[in-house]
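Data block below; observations after.
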Amino acid sequence: MDILLQQAVHTHHLSHEEIVSLLTAPAPAALFTAADEARKQFVGDGVYLRALIEFSNYCKNNCLYCGIRAGNKHAKRYRLTPDEIVQTAQKAVGYGYKTIVLQSGEDGWFDTDKMCDIIRQIKKLDVALTLSIGEKSREEYAAYRAAGADRYLLRIETTDKTLYEKLDPGMSWENRVRCLHDLKTLGYEVGSGSLVGLPGQTVESLADDLLFFQKIPVDMAGIGPFIPHPQTPLANEKSDGHFELALKMMAVMRLLLPDINIPATTAMESLHPNGRLVALQAGANVVMPNVTDTQFRPLYELYPGKICVGDSADKCRGCVEEKIKSIGRFVSSKKGFHGDFLAEK
Ligand code: SAH
């Protein structure tokens, strides 16, 4: 293990087999320390905060793991108006956020014109803007980019094509990859990522995920433990061990792609009381506090046990900052593009 870690630290290269052996090694304190050191060297001690606005939970897709899947008839649907979205972004800017992330299910009500209008309004606020609204055509991605969107989050979820198409019925794995390549060639900062602990997922396929992120290459990637939602077909699955495995994935990813932006994901904190702080000390350098109005937060329920559903946006901002300071880190005042830290050094 130590030799492998040394190799990863110095070359940022591991074979498939080597990644599998790091992901399966027990009690990997040395892995987390190595990832934390790489994080410090390549992205520094500043933590980038991204204000997350969950603006609609309408979704045409039926991903078996997801609480807002079209087939969940118990989900109470909501959709913010374009004005409400822009107002929420304005509030977030008032709290000091430098990046706004707009996330939703795949909601056709927001056609290209509506999205571009929202993007243009938010970009007037002097912030970086990230979209996370699913699979679109190249033309749509190009239109959002021309309107000012800077970044796009689209997790591959899993690189196991057979598993992906089983868990995301009606969707095509190739199309998801096509989306990521279109986004990259259109000049977005591209974020991807995986769910960890899906039924039928192997450690070998998780190693493939990391090699896939390296190949694109991604500018950011979020690793989230899969948490079964009671109103989905995967309700009876377990989440035991998913936090630890997701943490290991994230740490290995920091060694392979040392300067990318890696969030301490909200799902990690749902499974572990201090999950995001643990993640920030094992390779992560980004936190995405929720700024969605409190009345809608519980409705955007991708998985159960979502944190901070009752907290106001200003309380979240203060609470997150205190936590970050408690581990000797600080909230960066920068927009936090990929490579900014090294460029400024
Ligand atoms: N429609 C957008 C946003 C999806 S929601 C898109 O397609 O990209 C954001 C992420 O939540 C998903 O990419 C998925 O990885 C995660 N997610 C969904 N259900 C989950 C669950 N049960 N447990 C943990 N994470 C989940």
Side-chain angles (χ1 to χ4, degrees), residues 1-48 151-156 158-160 177 180-181 183-185 187-194 196 202-224 244-265 268 278-286 329 332 334 336-345:
M1 166 109 169
D2 282 352
I3 295 167
L4 269 189
L5 275 181
Q6 288 304 323
Q7 179 194 328
V9 165
H10 291 113
T11 66
H12 313 300
H13 180 86
L14 289 169
S15 69
H16 185 266
E17 221 182 337
E18 290 165 342
I19 296 174
V20 169
S21 92
L22 282 181
L23 293 178
T24 46
L31 166 63
F32 298 143
T33 306
D36 196 40
E37 283 168 3
R39 184 272 310 154
K40 192 175 172 72
Q41 185 186 346
F42 288 89
V43 291
D45 282 337
V47 175
Y48 299 125
R151 310 180 185 138
Y152 206 101
L153 300 179
L154 187 79
R155 288 186 177 171
I156 191 69
T158 171
T159 47
D160 179 338
V177 176
L180 289 168
H181 285 294
L183 291 163
K184 194 79 196 171
T185 51
Y188 283 90
E189 285 209 340
V190 174
S192 194
S194 315
V196 172
T202 61
V203 182
E204 285 73 21
S205 86
L206 290 174
D208 286 332
D209 294 1
L210 295 180
L211 293 171
F212 175 82
F213 300 145
Q214 212 174 17
K215 190 159 162 243
I216 289 185
V218 295
D219 301 289
M220 43 195 180
I223 304 294
E244 290 73 17
L245 190 53
L247 202 64
K248 286 198 239 180
M249 271 286 278
M250 202 198 68
V252 178
M253 187 163 77
R254 171 59 73 201
L255 299 179
L256 292 176
L257 288 151
D259 67 351
I260 67 168
N261 285 319
I262 301 182
T265 55
M268 283 188 171
V278 174
L280 283 173
Q281 295 171 95
N285 71 316
V286 171
R329 304 269 283 280
S332 169
K334 305 277 167 57
F337 284 92
H338 178 196
D340 274 0
F341 176 77
L342 287 182
E344 283 164 18
K345 228 163 108 167

Are any side-chain N or O atoms of Asn261 and backbone N or O atoms of Gly336, one a donor and one an acceptor, separated by less than 3.5 Å? yes

Leu4 vs Ser21, test: side-chain contact (heavy atoms from CB on, under 4.5 Å). Steps then yes/no. CA-CA 9 Å; Leu4 269 189; Ser21 92; 3.0 Å; yes

Here the gap from Glu37 atom CD to Phe42 atom CZ, rounded to the nearest 0.5 Å, amounts to 11.5 Å

So how far is it from Met220 CE to Leu257 CG, rounded to the nearest 0.5 Å? 13.0 Å

Step by step, would you call Thr158 with Ser205 a side-chain contact (heavy atoms from CB on, under 4.5 Å)? CA-CA 7 Å; Thr158 171; Ser205 86; 4.2 Å; yes

Which atoms form the tightest heavy-atom contact between Ala279 and Ala264, and what is the distance? CB-CB, 3.7 Å

If you measure from CD on Gln7 to OG on Ser15, what distance do you get to the nearest 0.5 Å? 7.5 Å

Any pair with a residue in residues 336-345 that passes salt bridge (charged side-chain N to carboxylate O under 4.0 Å, His left out), sequence neighbours left out, goes on the list, sorted by first then second residue, please. Lys334-Glu344

pair Lys184-Asp219: side-chain heavy atoms closer than 4.5 Å: yes

Within the distance-only criterion (no hydrogens, no angle test), does the side chain of Gln214 pair as donor or acceptor with the backbone N or O of Leu256 below 3.5 angstrom? yes

Give the intermediate values and the outcome of side-chain contact (heavy atoms from CB on, under 4.5 Å) for residues Val43 and Leu342. CA-CA 7 Å; Val43 291; Leu342 287 182; over 6 Å; no

Any side-chain heavy-atom pair of Val278 and Met268 under 4.5 Å: no

Side-chain donor/acceptor pairs under 3.5 Å, residues 247-255, sequence neighbours excluded:
unit_1: Lys248; atom_1: NZ; unit_2: Leu23; atom_2: O; d: 2.9
unit_1: Lys248; atom_1: NZ; unit_2: Ala25; atom_2: O; d: 3.0
unit_1: Arg254; atom_1: NE; unit_2: Gly283; atom_2: O; d: 2.8
unit_1: Arg254; atom_1: NH1; unit_2: Pro258; atom_2: O; d: 2.6
unit_1: Arg254; atom_1: NH1; unit_2: Ile260; atom_2: O; d: 2.8
unit_1: Arg254; atom_1: NH2; unit_2: Ile260; atom_2: O; d: 3.2
unit_1: Arg254; atom_1: NH2; unit_2: Gly283; atom_2: O; d: 2.9
unit_1: Arg254; atom_1: NH2; unit_2: Asn285; atom_2: OD1; d: 3.2

Closest non-hydrogen atom pair, Ala282 against Phe32: CB-CD2, 3.8 Å

Between the OH atom in Tyr48 and the CZ atom in Phe337, the distance rounded to the nearest 0.5 Å is 10.5 Å

Are the side chains of Leu154 and Ser192 in contact, using a 4.5 Å heavy-atom criterion? no

Check whether Thr265 reaches the backbone of Ile223 with its side chain - one donor and one acceptor, N or O, closer than 3.5 Å. yes

Ignoring hydrogens, what is the shortest heavy-atom contact between Ser194 and Phe213? Give both atom names and the distance. OG-CZ, 3.3 Å

At what distance, to the nearest 0.5 angstrom, does CZ of Arg155 lie from CG of Leu180? 12.5 Å

A side-chain contact here means heavy atoms from C-beta on lying under 4.5 Å apart; do Thr33 and Leu5 qualify? no

Got a donor-acceptor contact below 3.5 angstrom from the Glu189 side chain to the His338 backbone? yes

Within the structure provided, determine whether His16 and Glu204 are in side-chain contact (heavy-atom separation under 4.5 Å). yes

Check whether any side-chain heavy atom of Ile156 lies under 4.5 Å from a side-chain heavy atom of Phe212, and answer yes or no. yes

From Leu206 CG over to Leu245 CG, what is the distance, rounded to the nearest 0.5 angstrom? 5.5 Å

Taking Gln281's backbone N and O only, do any of them form a donor-acceptor pair with Arg39's side chain (distance below 3.5 Å, no angle check)? no

Which atom pair, heavy atoms only, marks the closest approach of Pro263 to Gly222? CG-CA, 3.7 Å

Please confirm whether the backbone N or O of Thr159 pairs with a side-chain atom of Asp209, one donor and one acceptor, at under 3.5 Å? yes

